[in-house]
Number of protein chains: 2
Amino acid sequence: MSRHCVSDELGEHSMEINRVSSSHRHAETMPYIQRVGMPPKQTLWEQFFGTVNETFFSDDPYRSFRNQPRSRKFYLGLQAVFPILEWAKGYNLTKFKGDLISGLTIASLAIPQDIGYAKLAHLPAENGLYSSFVPPLIYSVLGSSRDIAIGPVAVVSILLGNRLSSEINPSTDAIEYRHLAFTATFFAGLTQFLLGFFRLGFLIDFLSHAAIIGFMAGAAITIGLQQLKGLLGISNFTTKTDIVNVMHSVFRSAHHGGKKNNKLFWVPAIAPLISTILSTSIVYITRADKHGVQIEAIAIGRTFASMKDYHVDGNREMVAIGAMNMAGSLTSCYVATGSFSRSAVNFMAGCNTAVSNIVMSCVVLLTLLVITPLFKYTPNAVLAAIIISAVLGLIDIDAALHIWKVDKLDFIACMGAFFGVVFDSVEIGLLIAVCISLAKILLQVTRPRTAVLGKLPMTNVYRNTLQYPEAAKVPGVLLVTVDSAIYFSNCNYVRERILRWLTDEEEEIMKGENLKRIQNLIVEMSPVTDIDTGGILALEDLYRALQKKEVQLALANPGPLVIQKLLDSDFVSLIGEDQIFLSVADAIQACTAAAQQLP
Amino acid sequence: MSRHCVSDELGEHSMEINRVSSSHRHAETMPYIQRVGMPPKQTLWEQFFGTVNETFFSDDPYRSFRNQPRSRKFYLGLQAVFPILEWAKGYNLTKFKGDLISGLTIASLAIPQDIGYAKLAHLPAENGLYSSFVPPLIYSVLGSSRDIAIGPVAVVSILLGNRLSSEINPSTDAIEYRHLAFTATFFAGLTQFLLGFFRLGFLIDFLSHAAIIGFMAGAAITIGLQQLKGLLGISNFTTKTDIVNVMHSVFRSAHHGGKKNNKLFWVPAIAPLISTILSTSIVYITRADKHGVQIEAIAIGRTFASMKDYHVDGNREMVAIGAMNMAGSLTSCYVATGSFSRSAVNFMAGCNTAVSNIVMSCVVLLTLLVITPLFKYTPNAVLAAIIISAVLGLIDIDAALHIWKVDKLDFIACMGAFFGVVFDSVEIGLLIAVCISLAKILLQVTRPRTAVLGKLPMTNVYRNTLQYPEAAKVPGVLLVTVDSAIYFSNCNYVRERILRWLTDEEEEIMKGENLKRIQNLIVEMSPVTDIDTGGILALEDLYRALQKKEVQLALANPGPLVIQKLLDSDFVSLIGEDQIFLSVADAIQACTAAAQQLP
């Protein structure tokens, strides 16, 4: 009863197959002809442009420009570059009140943090404060987030300090080290600017959530270990950050101290420790950053934006932060970015616009004028306490447990990042996390799941028999699904696995568990999102292998990309257009009807 | 009318939702309760074991061992190691006749090929012939393919010659060069053996069909260019293989010749060229390898095995070929593998078992005894002709055109491999091809397609509105599908893209094209084969963003992996279990019913 025709009219291929509406169960009812649809044929340029567009402009940044007069477009473009134009015109005293209070609040948090973080980067305290003065001013003009608070952050500071101190010794060549830090800041800014400008911000997505959790915890432990220097008053400390080197330094120093004065070596060690425990407790009780996990300015901006329902363009933010770091590097600042703890405080304190950043930056300027001469008296141990308490919030054990519960492979990536940072370096930790995450994606594409489907009782719905044990196999038909695009990396596996399902089924029949010989193998293609030439070759091999066994191959519901490629490669004419169905139900109907017509 | 209950009995989570059978269109008919199924809960070990099993033992190599007595198992194990036991017992004179004829035929092809290919590897002709003597004997005992013919092949020879000659000059340090070649052969064999033994053969799948086409064509051109040395009688030739270096050598030599004798420099160049054109034509007319494209012994074995309907285990083959190369390296052979051209001849000549390899090896031995003294007279130009004619078959323009037609990205990988080999080296060509192929997979996972679905007229089937223009949107409901697993690499994109579909839809409504406000957003999860913690966070963000817009989120047909993780991460309790449906039709039905109950 199955008829088909291939029409090639108006430049569009399309294929008609006989379709029995799934709402009619009996073959006697009038068949309704339904095509397996084809997307409109695209030229090579349209395909290419479409892919580029989805990759780089998936957030449709030009939406507001559409259908606007030219003058309006110019104004919108200016606004896109300087978001200050957007909010400045509606600015009033009420808004300023909120911004003033929140600006003062974050300044009080920023000043001790800046001093501590500058220490992590092996830089003088002034440079930390400068970084909370110039960059926020520039960000307030260029940035689109209204809640983010700009300044140095712990993880970036340790990264910078760790990397640069392996090149130049910060204690002996202090001036050269500072120049290197500003150069690094400039190039970090340039990289951010270019990534944003060329809309490559999506590359950041390759650092998975799980990897960030592990990475932050590892960095926190590394930072804490480095503070042992200040806590224990060790002068000849390693510049490396991994646990083995740091512990080696600590024990060597203890041994050294022990030699000089066997009984009292713990006295200089314990004095700063006690002062630290006290001050840490105070800072911990008063600190505001409870669960700061995200490192990344864009993620922070988005979090608060979604709370206030405005849109933050990740790539535009990268341009703003890059520009601010480039300018900062010329004014003795080191790398600054959005700080989660300060942004949270900013938000809570009721900030309205980026003016709170300007307020903070003014307060920091005053501080610089007033207290800089006092910096030489800052006790190392108290600074260490500030840092340790700040990084404690980076260790998120609950999140790690949640990841373990939900996804074991994610947990491995998380632990890989953690142990990489703790036992070697930040770079190795990042590398391990990215590699595990990519390997996970590749594993899924190399060994996709295949499953046998069955009919759910009293429905026309076909589902995985493992997920739905009540789903019943159709006699004489093997219904298989493949859970991935069919690519060169998995095509051999997919072909062999489908043939193995068939062998398994045939063995069951031999044992008499199922009496009817398999005559049809239907592959449900809904999850097969794409196919390449290797995959098509594998399907051809599968078809030939099945022909030898006198089993008819049929495909159900191929997607737009897949059906296009199957047509282009003549696979459709190989297996016959009448073997490609709109849905599994149709394919089963056709198979059953064909089997009944046989003698 | 939608009721649900979560039952947690017998250690299995399962969720019941109200399901209206899709065969009943009207809500008045008795609803049938259908669960969104859960696969049986697996322990961590079972999950791990299952993944390992599918990755390394997807071909189920122990199937024949199952349910057998111990003595039979031992015999089957012995047979698995020495497949000769399998076919030796049924061997008879008729089979030997076929093997004798085919063995003699492939020997006549092998001898000139061996001499030519040895030259490509910068080795004496004897070593080429040895490689068609020892390895085939060992393969006939250990190998499971009955049609494959073993010997040196052009691509491997050029690879070896190219790589080794950059270390040791083969013309000045001939003996050391040979030792290096045998050492390389030993380690190549060891690598093959270990890859096969640890069932890592699947790694080869990462070299895509398209990449192989480009790689082979590039290698063919490289080999041909190297033969210009023999053709043009140039003595001071480069050992590099890239086109720039080779052309530089040719022109330098022409210039050099030109200086000596301005008018007659072309005479020494053209004499071997003419003899080559003649001999090439003869070889080309008589040659048997029409379309040899595959390089890989396993692919060759499988091709012929599928024609004769027996099974070749790729990993077992790698063990056999590895063992044969290790043994070969100890007896002055260089790397041998399955040769496509000879295997095709072997098959055509009617071989029955690996005995044809033994026959060939005996003929080669005789040749070695008789004609070795004559090798010094072999004209370089004629050898060059043999080689060029052999490699011409490696350039498969039809296949490249087919790839272009079917899949543009595959074609880029193909061309990347081709130009990499031609302009730089074999390693760079392979690297480019693998990188492009992997980038293609990652692109699909980073930017999966999303689409709006509509209802096909007169059915309960919902399909992509681009693929099926007749599919009608349901008023008040936005139905979106995501064409990939939702991972950290795409979760931000997926969330933003779905929200953009909603904005698009709302804009259309504003324009009055569609009067009903969107109240429900249904995500069809059939193609979403997996999700990770990042993906779940993105879904949570999506849910919250939709809550703000007063749009209800619902999921249709989540797969076994996905529903498990959504439950474990409490996402199901966040959006409500009654918002997860067995199929799109059910979800639509529930939404419509809920909308009707509103005032």
Side-chain angles (χ1 to χ4, degrees), chain A residues 21-23 25 32 34 37-39 44 54-55 58-60 205-206 208-210 306 309 403 405-408 410 437 441 444-445 447 456 458-461 464 466-468 483-485 487-489 492-493 496-497 500 526-527 529-530 532-534 536-537 545 548 560 565 568-569 582-583, chain B residues 21-23 25 32 34 37-39 44 54-55 58-60 205-206 208-210 306 309 403 405-408 410 437 441 444-445 447 456 458-461 464 466-468 483-485 487-489 492-493 496-497 500 526-527 529-530 532-534 536-537 545 548 560 565 568-569 582-583:
Chain A
S21 162
S22 64
S23 56
R25 296 270 198 81
Y32 166 70
Q34 174 68 49
M38 295 275 299
L44 189 59
E54 278 305 315
T55 306
S58 63
D59 50 353
D60 200 10
D205 288 346
F206 277 98
S208 69
H209 169 71
S306 77
D309 206 15
I403 291 170
K405 200 171 112 189
V406 175
D407 195 321
K408 306 294 181 280
D410 263 11
S437 302
I441 293 183
Q444 200 250 342
V445 179
R447 291 288 181 268
L456 290 183
M458 299 174 65
T459 70
N460 247 327
V461 177
N464 189 336
L466 277 177
Q467 190 180 1
Y468 299 86
D483 251 11
S484 155
Y487 282 144
F488 62 93
S489 56
N492 284 325
Y493 169 77
E496 304 240 321
R497 199 63 188 76
R500 201 175 124 202
S526 304
T529 51
D530 197 2
D532 69 357
T533 48
I536 293 171
L537 284 181
K548 277 224 178 63
K565 290 186 187 168
D568 286 347
S569 66
L582 180 72
S583 70
Chain B
S21 161
S22 64
S23 54
R25 295 273 199 80
Y32 166 68
Q34 174 67 52
M38 295 274 299
L44 189 61
E54 279 304 315
T55 307
S58 64
D59 51 352
D60 200 9
D205 288 347
F206 277 98
S208 70
H209 169 72
S306 78
D309 207 15
I403 291 169
K405 201 171 110 190
V406 175
D407 195 322
K408 306 296 182 278
D410 263 10
S437 303
I441 292 183
Q444 201 250 340
V445 180
R447 290 290 180 264
L456 291 183
M458 299 175 65
T459 70
N460 248 329
V461 176
N464 188 338
L466 277 176
Q467 190 181 3
Y468 299 87
D483 252 10
S484 156
Y487 282 145
F488 63 93
S489 56
N492 284 325
Y493 169 77
E496 303 241 322
R497 198 66 188 76
R500 199 172 125 204
S526 305
T529 51
D530 197 2
D532 69 358
T533 47
I536 294 171
L537 283 181
K548 278 228 176 62
K565 290 185 186 170
D568 285 347
S569 67
L582 180 73
S583 70

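Each chain gets a letter, A, B and so on, in the order its sequence line appears, and its residues count up from 1. All values reported here derive from a predicted model rather than from experimental measurement.
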Measuring heavy-atom distances to chain A, does B:S484 have an atom under 4.5 Å in its side chain, in its backbone, in both, or in neither?
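It is the backbone, since no side chain atom gets that close.
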Where does B:K408 contact chain A at under 4.5 Å (heavy atoms): side chain, backbone, both or neither?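 For B:K408, the contact with chain A is made by the side chain alone.
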Query raised in the report: Is the shortest heavy-atom distance from the side chain of A:L466 to the side chain of B:P560 under 4.5 Å?
Result: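 A side-chain contact is absent here, since even the closest heavy-atom pair is not under 4.5 Å.
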Is the shortest heavy-atom distance from the side chain of B:L456 to the side chain of A:L582 under 4.5 Å?
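They are in contact (side-chain heavy atoms under 4.5 Å apart), so the answer is yes.
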Side chain to side chain contact (heavy atoms under 4.5 Å, CB included) between B:D410 and A:Y487, worked out: CA-CA 10 Å; B:D410 263 10; A:Y487 282 144; over 6 Å; no
Report task. Specify the closest pair of heavy atoms between B:T529 and A:D483, including all atoms of both residues, with the distance to one decimal. Result ->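 For B:T529 versus A:D483, the nearest heavy atoms are CG2-O, 2.9 Å.
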For this session: Select, from B:S489, B:A485, B:A545, the one with the greatest count of heavy-atom pairs under 4.5 Å involving chain A.
Result: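 Top count of heavy-atom pairs under 4.5 Å with chain A: B:S489.
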Rounded to the nearest 0.5 Å, what separation is found between the CG atom of B:D532 and the CD1 atom of A:I441?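 Taking CG in B:D532 and CD1 in A:I441, the distance rounds to 8.0 Å.
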Check the pair B:D407, A:I536 against side chain to side chain contact (heavy atoms under 4.5 Å, CB included), reporting the backbone distance first and the verdict last. CA-CA 11 Å; B:D407 195 322; A:I536 293 171; over 6 Å; no
